Number of protein chains: 2
Amino acid sequence: MTTDGVDPQGTLTQLRAFLAQAPLSVDSRLPPERELCQQLGVSRGELRKALATLEAEGQLWRHVGKGTFIGARPAESLADLSTATSRTNPAEVMQTRILIEPEITRLAALNATAADIAEMRTCMARSRSATSWRQYESWDNRLHRSIAEATRNTLLLAMFDTLNAVRRAVVWGRLRANRTRPDPDHHSFKEHEEIVGAIADRDMNEAAQAMRRHLQTVERKLLNYSQ
Amino acid sequence: MTTDGVDPQGTLTQLRAFLAQAPLSVDSRLPPERELCQQLGVSRGELRKALATLEAEGQLWRHVGKGTFIGARPAESLADLSTATSRTNPAEVMQTRILIEPEITRLAALNATAADIAEMRTCMARSRSATSWRQYESWDNRLHRSIAEATRNTLLLAMFDTLNAVRRAVVWGRLRANRTRPDPDHHSFKEHEEIVGAIADRDMNEAAQAMRRHLQTVERKLLNYSQ
DNA sequence: TCTGTTTACCATTGTCTTATTGGTTACGAA
DNA sequence: TTCGTAACCAATAAGACAATGGTAAACAGA
């Protein structure tokens, strides 16, 4: 194993020298392969071998249609709705809801106005009188969102909307067709009452716990049987 | 005031009839004004008056370059990083962090592996030996993210990243220049120790409370004096 | 036979141009 | 004045085109 067996024509060395000499800062794009191989006087295949080595070393990264860039590949942000949706699952969604929504409810109990609470009660009444699961879920959604609105924190509301969007995408096909409308004694009705009641009482701890109990019921129903 | 003073040519009535007859479901786009006014045999001005009435009634919505659509105008999603950033403020950001991150820490105490905890300790050590505020904040960021990673919930991690992106954008210009590096007895060092210690002990409640105490200190420093 | 070069093609991405659309204004006719 | 017509504007959408990394086949040279 001779040294020139590793880098026969010195393409890699030549490329390193070029990068050291060129005025390229981090995240800047270097010339396209078709130009660069002419500048260095090597074939495109040899150049790509050297580039592959540097990429393996983490000194640069490449992407079709974009180019070749200095530095570390930008981590694909998980903070993106589509990528988050494609990588998660219903169990994670419920766990996240159980973590976050009770705390939202706690803050709602502190900040909700009378109008907010009236809005929640309206949503509850409409969900009770829903004539289809689709209607019920619409009002259920709106109830949960009105609680998030009551926190008077736009960022928190945005986080809730994000979570909600992921939830809808993940449990998409889940259409309950076995019954045409919710039972009058559907568990959610009583649980919603408890949540909104605690918010109206300004009982922050009870509000949070009621929401947690509600979501845990939903999770149980979701993961064990369908509904 | 005669009846035909309200709708002289009956354009509005004609348009209502057209919409009732046409096979247009919710969210579907109706023909552009230039076509529609020919179909109905009225001038574009008259058509636009009728459309304005229906829009005021909430039966349709219009937008330049897009068209005219049946149904309610889609609410601009707050679940968007840029809009959320532009409407929130540092106080909301801290409130949201104090609500969410302790719960993340609680779950991390349950799910963290030994490797996760080692990663957290590495971040703490690096932040202690940082020679600039910029370095310190980089390792502080990475510590908080490693805690979110330890939850083993990709959706929760995505939510954390979202919150973090907003935080960075909101408190952007805030560069601490009064000292070149953090004090060796900076409050965060001890608080980070308590958080990671509780995670290592699998003490979920203490982990959550330690994180809450830490963030409340950060909030106090942020809102009262700068740092 | 093996290695490297050339060439062509592909899928993805970015950029530029063009067309469409609601909104507005000016002008003229009734 | 009132209303229809035309023209223009800004925002948006859609398509055309070019550029780029990735890949395989054909070819040449040892």
Side-chain angles (χ1 to χ4, degrees), chain A residues 1-2 4-15 18-19 24 27-74 76-77 80 82-83 86, chain B residues 1-2 4-12 14-15 18-19 24 27-74 76-77 80 82-83:
Chain A
M1 178 185 292
T2 63
D4 54 9
V6 176
D7 188 16
Q9 313 304 330
T11 308
L12 184 55
T13 306
Q14 199 175 351
L15 180 56
F18 172 83
L19 292 180
L24 296 174
D27 289 342
S28 65
R29 201 181 81 175
L30 47 84
E33 295 177 353
R34 290 164 178 81
E35 290 183 17
L36 192 51
C37 66
Q38 285 189 0
Q39 290 187 28
L40 300 185
V42 300
S43 74
R44 198 177 155 213
E46 285 299 314
L47 172 63
R48 285 183 53 74
K49 279 192 214 165
L51 286 173
T53 302
L54 290 185
E55 186 178 28
E57 290 176 0
Q59 304 202 14
L60 51 82
W61 63 276
R62 304 180 279 179
H63 193 290
V64 189
K66 292 183 176 176
T68 306
F69 300 84
I70 307 291
R73 179 186 306 272
E76 65 173 308
S77 75
D80 176 17
S82 59
T83 62
S86 64
Chain B
M1 177 185 290
T2 62
D4 54 9
V6 176
D7 188 15
Q9 314 305 331
T11 308
L12 183 54
Q14 199 176 351
L15 181 55
F18 172 82
L19 292 180
L24 296 173
D27 289 345
S28 66
R29 201 182 81 176
L30 49 84
E33 295 178 353
R34 290 162 177 82
E35 291 182 16
L36 193 50
C37 65
Q38 286 190 0
Q39 291 186 27
L40 300 185
V42 299
S43 74
R44 197 177 157 211
E46 285 299 315
L47 174 62
R48 283 183 53 74
K49 280 193 214 163
L51 287 173
T53 304
L54 291 185
E55 186 178 28
E57 292 176 359
Q59 303 201 15
L60 50 82
W61 62 277
R62 304 181 279 179
H63 193 288
V64 190
K66 292 183 176 176
T68 307
F69 300 84
I70 308 291
R73 181 185 304 272
E76 65 172 311
S77 75
D80 177 18
S82 59
T83 62

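Bear in mind the structure is a predicted one, so any value in this text is a computation, not a measurement. Worth knowing before you read on, the calculation uses all heavy atoms, side chains too, and leaves out hydrogens, waters and symmetry mates. Chain letters run A, B, ... following the sequence lines, proteins first and then strands; every chain starts at 1.
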(request) Starting from C1' on dT7(C), measure out to CD on Glu33(A) and report it in whole angstrom. (result) 15 Å

(message) Protein within reach of the bases, or only the backbone? For nucleotides 24-30 of chain D, mark each nucleotide 5' to 3' as B, S or -, using heavy atoms under 4.0 Å.
(response) -------

(message) Under the rule for side-chain contact (heavy atoms from CB on, under 4.5 Å), what residues qualify as partners of Ser43(B), not counting sequence neighbours?
(response) Glu46(B)

(request) State which residues pass side chain to side chain donor-acceptor pair (under 3.5 Å) with Glu55(B); sequence neighbours excluded, sorted by chain then number. (result) Arg62(B), Arg73(B)

(message) In whole Å, I'd like the distance from the CG atom of Leu30(A) to the P atom of dG21(D).
(response) 8 Å

Every protein N/O lying under 3.5 Å from an N/O of nucleotides 7-15 of chain D:
none

(request) Just jot down the salt bridge (Lys or Arg N to Asp or Glu O under 4.0 Å) partners of Arg44(A), sequence neighbours excluded, or say none. (result) Glu33(A)

(request) Any chance you could measure Thr68(A), atom OG1, to Leu47(A), atom CG, to the nearest 0.5 Å? (result) 8.0 Å

(message) Without decimals, in angstroms, what is the distance between Glu46(B) CD and dA6(D) C1'?
(response) 17 Å

(request) May I have the distance from Glu55(B) (atom CD) to dG22(C) (atom P), rounded to whole angstrom? (result) 11 Å

(message) In this structure, how many angstroms lie between the P atom of dG22(C) and the CG atom of Leu54(B), rounded?
(response) 14 Å

(request) Round to the nearest Å and state the distance from Glu35(B) atom CD to dA19(C) atom P. (result) 16 Å

(message) Using every non-hydrogen atom in the two residues, find where Trp61(A) and Ile70(A) come nearest and quote the distance to one decimal.
(response) NE1-O, 4.3 Å

(request) Look at the side chain of Ser43(A) and decide which nucleotide, out of dT5(C), dG22(D), dT5(D), has an atom nearest to it. (result) dT5(C)

(request) Would you tell me if any nitrogen or oxygen in the side chain of Thr68(B) comes within less than 4.0 Å of OP1 or OP2 on dG22(C)? (result) yes

(request) Just jot down the side-chain contact (heavy atoms from CB on, under 4.5 Å) partners of Gln38(A), sequence neighbours excluded, or say none. (result) none

(message) Quick one, Val42(B) and Leu15(B) - any side-chain contact, counting heavy atoms below 4.5 Å?
(response) no

(message) Quick check for you: to the nearest 0.5 Å, what is the distance between Gln14(B) atom CD and Gln39(B) atom CD?
(response) 11.0 Å

(message) Tell me the interatomic distance from Arg48(A), atom CZ, to dT6(C), atom C1', rounded to whole angstroms.
(response) 15 Å

(request) Taking only the side-chain nitrogens and oxygens of Arg62(B), find out if one of them lies under 4.0 Å from OP1 or OP2 of dG23(C). (result) yes

(message) Please report the interatomic distance CG(Leu40(A)) to OG1(Thr11(A)), rounded to the nearest 0.5 Å.
(response) 8.5 Å

(request) Could you check how far CZ of Arg29(B) sits from P of dT20(C), rounded to whole Å? (result) 11 Å

